[in-house]
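See structure below.
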Amino acid sequence: PSDGMSVLLVDMRQAVGNGLTIRPIRTMLNHASTELFFDDLRVPVESLIGEEGQGFRYILDGMNAERILIAAECIGDAKFFIDRASAYAREREVFGRPIGQNQGVQFPIARAHVQTSAADLMVRHAADLFDDGQPCGTEANMAKMLASEASWFAADTCLQVHGGFGFAEEYDIERKFRETRLYQVAPISTNLILSHVGNHVLGLPKSF
Ligand SMILES: Cc1cc2nc3c(=O)[nH]c(=O)nc-3n(C[C@H](O)[C@H](O)[C@H](O)COP(=O)(O)OP(=O)(O)OC[C@H]3O[C@@H](n4cnc5c(N)ncnc54)[C@H](O)[C@@H]3O)c2cc1C
């Protein structure tokens, strides 16, 4: 199913206005994204990358690296949220004691740390396989799913710990909260990771 597609390198300076249209999409986060429209774009044959018909394999190879990279970014996000939540929970006093002394506040932060530490191990495992030049598609997918879920749980916890100030721009929590939600959708959605594991690891029938 991966044969038949080819990869071509396009010089965008020449292509824009000659078959390629780029239209920026305004998004809810600080991350540029664009729509590309190809309309009879002509590309010289010497722009072919690798072998004709094998392009999808090259793309998939690059996607593993991207998934591991994004997973590592999610671990960083999660650590940011956990640090901020812990600091605020130590400092903020309500009814004469720090809010972090209440287990209802403390436990979600501790849980976020546990989940992040576990996801971090999977990210490092996937990165080790990639560095060794071994197949790592499944591990890259699993790392990305675990890390994006850990960062989202940490984000949600951090926002809650900050109470109303979680929504105040000056704390940076609301901005990063929005940004970290992206990684359950892009560069691959959680559903498609589960589908990969179901089909390729567990041998279950494909739904599409
Ligand atoms: C800020 C931003 C930056 C981006 N940057 C890039 C980039 O640089 N390069 C790039 O190539 N792409 C980029 N993307 C696109 C991104 O990779 C896609 O949005 C993402 O892969 C999801 O694909 P989709 O939007 O087509 O969703 P769809 O495929 O339309 O899916 C919509 C929803 O339905 C679910 N779904 C779809 N099919 C199934 C199924 N068979 N079973 C179960 N659930 C299913 C999905 O999980 C998802 O939740 C970017 C997106 C954003 C928001």
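Because only heavy atoms are used, hydrogens play no part in the values below, and waters and symmetry mates are left out as well, while side chains stay in. All ligand and atom numbering here is 1-based and tracks the order in the structure.
Shown here, atom 53 (C) of ligand 1 is in close reach of the protein: a heavy atom of it lies under 4.0 Å off. Distance check for atom 29 (O) of ligand 1: every protein heavy atom is found at 4.0 Å or beyond. Atom 21 (O) of ligand 1 lies below 4.0 Å from at least one non-hydrogen atom of the protein. Distance check for atom 47 (O) of ligand 1: a protein heavy atom is found below 4.0 Å. Remark: atom 43 (C) of ligand 1 lies closer than 4.0 Å to at least one protein heavy atom. Atom 7 (C) of ligand 1 lies below 4.0 Å from none of the non-hydrogen atoms of the protein. In this structure, atom 32 (C) of ligand 1 is not in close contact with the protein, since no protein heavy atom lies within 4.0 Å of it. Atom 16 (C) of ligand 1 is approached by the protein to below 4.0 angstrom, counting heavy atoms only.
A donor-acceptor pair shorter than 3.5 Å can be found between the side chains of Ser151 and Thr180. Thr138 and His200 form no side-chain donor-acceptor contact under 3.5 Å, judged by distance and modelled atom types alone. A donor-acceptor pair shorter than 3.5 Å cannot be found between the side chains of Arg42 and Asn18.
For atom 40 (C) of ligand 1, the nearest protein heavy atom (residue, atom name, distance) is Leu192 CD2, 4.2 Å. Protein heavy atom nearest atom 45 (C) of ligand 1, with residue, atom name and distance: Asn191 ND2, 4.0 Å. If you check which protein heavy atom lies closest to atom 14 (N) of ligand 1, you get Ala186 CB, 4.6 Å.
Two rings, from Trp152 and Phe177, have their centers less than 6.0 Å apart.
In this structure, Thr157 OG1 and Gln115 CD are separated by 8.0 Å, a value rounded to the nearest 0.5 Å.
Among Pro187, Ser189, Ser195, Ser33, the residue whose heavy atom sits closest to atom 3 (C) of ligand 1 is Ser33.
Interface atoms of ligand 1 facing Val185, defined by a heavy-atom separation under 4.0 Å, are 20 (C), 21 (O), 22 (C). For ligand 1 and Phe208, the ligand atoms under 4.0 Å from any heavy atom of the residue are 41 (N). Every atom of ligand 1 is numbered from 1 in the order shown, and the set under 4.0 Å from a heavy atom of Leu182 is 1 (C), 52 (C), 53 (C).
Side-chain contact check for Thr116 versus Ile75: some heavy-atom pair is nearer than 4.5 Å. Residues Glu73 and Tyr183 form a side-chain contact, since some pair of their non-hydrogen atoms from C-beta on lies under 4.5 Å apart. The closest side-chain heavy-atom distance from Lys176 to Cys158 is not below 4.5 Å.
Using a 4.5 Å cut-off between side-chain heavy atoms of Ile, Leu, Val, Met, Phe, Trp and Tyr, with links allowed through other members, Met142 and Leu204 fall into the same hydrophobic cluster.
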